[in-house]
Every structure is written in C-alpha cells, then in structure tokens.
K.L.:
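This is the structure I have questions about; it appears just below.
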Amino acid sequence: MLPLAWYARETDVVARALLGCALVHGDRAGIIVETEAYLGPEDLASHARFGRTARNAVMFDAPGVSYVYLCYGVHEMFNIVARRKAEAGAVLVRAVAPLAGLPDDARVGRGPGKLTRALGLSRAQHGRTLDRDELFVAAHTRVRARDVVCSARVGVDYAGPWAARPLRFTIAGHPAVSGKRP
DNA sequence: GTTCCGATGCTT
DNA sequence: AGCATCGGAACG
C-alpha cells in the first residue's frame with residue numbers, strides 16, 4: 001500500500017507515478033493505465049479554479065484523499081488529492097485494466113465513468129483517506145518512461161491556454177486507455 | 001467508419 | 001447555463 005506521504009509531491013509527478021499501480025476497492029482491483037493532473041486555482045481546467053467550494057474542498061486539504069464527484073448527472077469521477085506545496089491539486093483516474101474481481105474485458109475500465117462503475121466507486125467514497133484495507137493504491141507494475149505518453153487533457157477545451165498543457169498520462173497502446181483506437 | 005444528441009443532476 | 005461522459009442512433 002502506498003503511504004499517504006507518497007501523494008505529497010507535485011500533482012503531475014503523482015499522476016505519472018500512478019500508472020501501473022493497482023487501485024483496490026474491497027475485493028475489486030484494476031491497474032491504472034490513464035490519469036490526468038489538475039493543478040491549483042490557476043489551472044483553468046481544474047475544479048479548483050473557483051477557489052475552495054463545498055464540492056472541491058478536499059482538493060485543498062491533505063494529499064492521499066479521494067475526491068469523487070458526479071459528472072453530467074450520470075457518471076461518478078474518481079480523483080486522488082495530490083500536491084506538494086500548491087494550494088490545491090488532484091489526479092483524475094481515467095482508465096484501469098481489470099486485475100481482480102472484474103470481467104477480463106478491457107472495456108469495463110476504459111473511461112473515467114466506466115472504471116468507477118466497474119470498481120463500485122461512488123460519492124460514498126468521497127473524502128476517504130487511501131490508507132485502509134477497503135480502499136487504497138498499491139505499487140504493482142513498473143512502467144518505463146518510454147511507454148508513457150503525455151497529451152492534452154480530455155474535455156477541457158474551455159480552459160484557454162491550459163487546455164493544451166500535456167497533463168494527461170497514458171500507457172502507450174494499452175487496450176484499456178480511453179478514446180479512439182490508434 | 002464518423003458525427004450528433006439525449007440522459008440526468010449538480011455546480012456556479 | 002454548462003459540465004473532467006457514455007452509448008446509441010443517424011448518417012455516409
């Protein structure tokens with residue numbers, strides 16, 4: 001299990017480091033293959049851009065805590081608070097490959113809304129520290145630097161200059177990465 | 001194959 | 001009003 005201090009680094013560094021790690025919820029688990037870093041209030045794509053609100057408050061608190069919210073009224077999104085000294089920061093987990101307790105089908109964890117459904121994550125897990133048997137992240141597979149692709153984040157075109165920043169991290173060519181097939 | 005659109009509810 | 005999405009319908 002990764003200790004809470006592991007998340008107390010720059011948000012983009014944590015986003016990259018989460019690739020290949022196992023996200024475990026109860027008896028279900030997936031290997032993280034896609035993440036996005038959302039920086040502090042200056043990041044116009046981040047929920048933190050409006051400052052601290054009722055929804056995003058945990059982003060401003062201690063690292064290693066889950067931030068779960070409902071998107072488009074339909075999908076639960078699972079984030080992990082991660083930052084060093086910035087005012088706020090979180091990593092959106094966008095895709096996992098089945099590891100345990102899931103159908104052996106890359107599609108079930110492909111996309112941020114799909115993975116939360118597959119792993120049974122919802123706002124019930126919001127604000128939980130990731131240091132309990134029930135919900136945690138563990139080191140699993142080492143991912144080589146040349147197997148990591150950085151690109152622009154998905155669905156943030158409104159964010160002006162921040163939309164193009166390479167803050168999305170994927171394992172190159174992995175079948176569970178969201179989006180179109182290459 | 002691509003593009004378009006409705007569902008659905010919470011946030012500012 | 002708009003959104004850190006998804007799946008199905010419509011179209012070529």
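Note on naming: letters A, B, ... go to the chains in the order of the sequence lines (proteins, then strands), and numbering restarts at 1 for each one. As a basis for the values below, the full set of heavy atoms in this structure was taken, side chains included, without hydrogen atoms, waters or symmetry mates.
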K.L.:
Tell me the ring pair (Phe, Tyr, Trp, His ring centres under 6.0 Å) pairs involving residues 2-36 of chain A, sequence neighbours left out?
P.N.:
none
K.L.:
Show which side-chain atoms of residues 67-74 of chain A pair as donor or acceptor with protein atoms under 3.5 Å away, not counting sequence neighbours.
P.N.:
unit_1, atom_1, unit_2, atom_2, d
A/Tyr67, OH, A/His47, ND1, 2.7

K.L.:
Tell me what A/Leu92 touches on the nucleic acid: a base, only sugar-phosphate, or nothing, going by heavy atoms under 4.0 Å.
P.N.:
base
K.L.:
Output all residues satisfying salt bridge (Lys or Arg N to Asp or Glu O under 4.0 Å) with A/Arg52, sequence neighbours left out; order by chain, then residue number.
P.N.:
A/Asp61
K.L.:
Verify, without hydrogens or angle tests, whether A/Ser46 (side chain) and A/Leu39 (backbone) share a donor-acceptor contact under 3.5 angstrom.
P.N.:
yes
K.L.:
Quick check for you: name the first and last nucleotides of DNA chain C, 5' to 3', having an atom under 4.0 Å from a heavy atom of chain A.
P.N.:
C/dC3 to C/dG7
K.L.:
Any chance you could encode DNA chain B as dot-bracket? Rule is Watson-Crick or G-U wobble with both distances under 3.5 Å; [ ] for pairs crossing earlier ones, | for another strand.
P.N.:
|||||||.|||.
K.L.:
So A/Arg49, base contact, sugar-phosphate only, or nothing? Heavy-atom distance under 4.0 Å.
P.N.:
nothing
K.L.:
Could you run through nucleotides 1-7 of chain B and give me one letter per nucleotide, 5' to 3': B if any protein heavy atom sits under 4.0 Å from the base, S if only the sugar-phosphate is that close, - if neither?
P.N.:
------B
K.L.:
Provide the full list of side-chain hydrogen bond (donor to acceptor under 3.5 Å, both in side chains) pairs with a residue in residues 9-23 of chain A, sequence neighbours left out, each pair given once.
P.N.:
none
K.L.:
Output the rest of the hydrophobic cluster of A/Val149: all Ile, Leu, Val, Met, Phe, Trp and Tyr residues reachable through side-chain heavy-atom contacts under 4.5 Å, sorted by chain and number.
P.N.:
none
K.L.:
Cut-off 3.5 Å, side chains only: do A/Arg94 and A/Ser178 have a donor facing an acceptor?
P.N.:
yes
K.L.:
Just checking A/Arg55: base, sugar-phosphate only, or nothing, at a heavy-atom cut-off of under 4.0 Å?
P.N.:
sugar-phosphate
K.L.:
Under the ring pair (Phe, Tyr, Trp, His ring centres under 6.0 Å) definition, can you give me all pairs with a residue in residues 138-171 of chain A, not counting sequence neighbours?
P.N.:
none
K.L.:
Starting at atom OH of A/Tyr69, determine the distance to atom C1' of B/dC10, rounded to an integer number of angstrom.
P.N.:
12 Å
K.L.:
Who pairs with A/Ala95 by side-chain contact (heavy atoms from CB on, under 4.5 Å), at least two apart in sequence or on another chain?
P.N.:
A/Val33, A/Glu34
K.L.:
Would you kindly give the CE-to-P distance between A/Met59 and B/dT11, to the nearest whole Å?
P.N.:
15 Å
K.L.:
Kindly write out the residues that satisfy salt bridge (Lys or Arg N to Asp or Glu O under 4.0 Å) with A/Arg146, not counting sequence neighbours, or none if the list is empty.
P.N.:
none
K.L.:
Going by the rule salt bridge (Lys or Arg N to Asp or Glu O under 4.0 Å), which residues pair with A/Asp131 if we only count those two or more places apart in sequence or in a different chain?
P.N.:
none
K.L.:
Could you state the NE2-C1' distance from A/His126 to B/dC10, rounded to the nearest angstrom?
P.N.:
13 Å
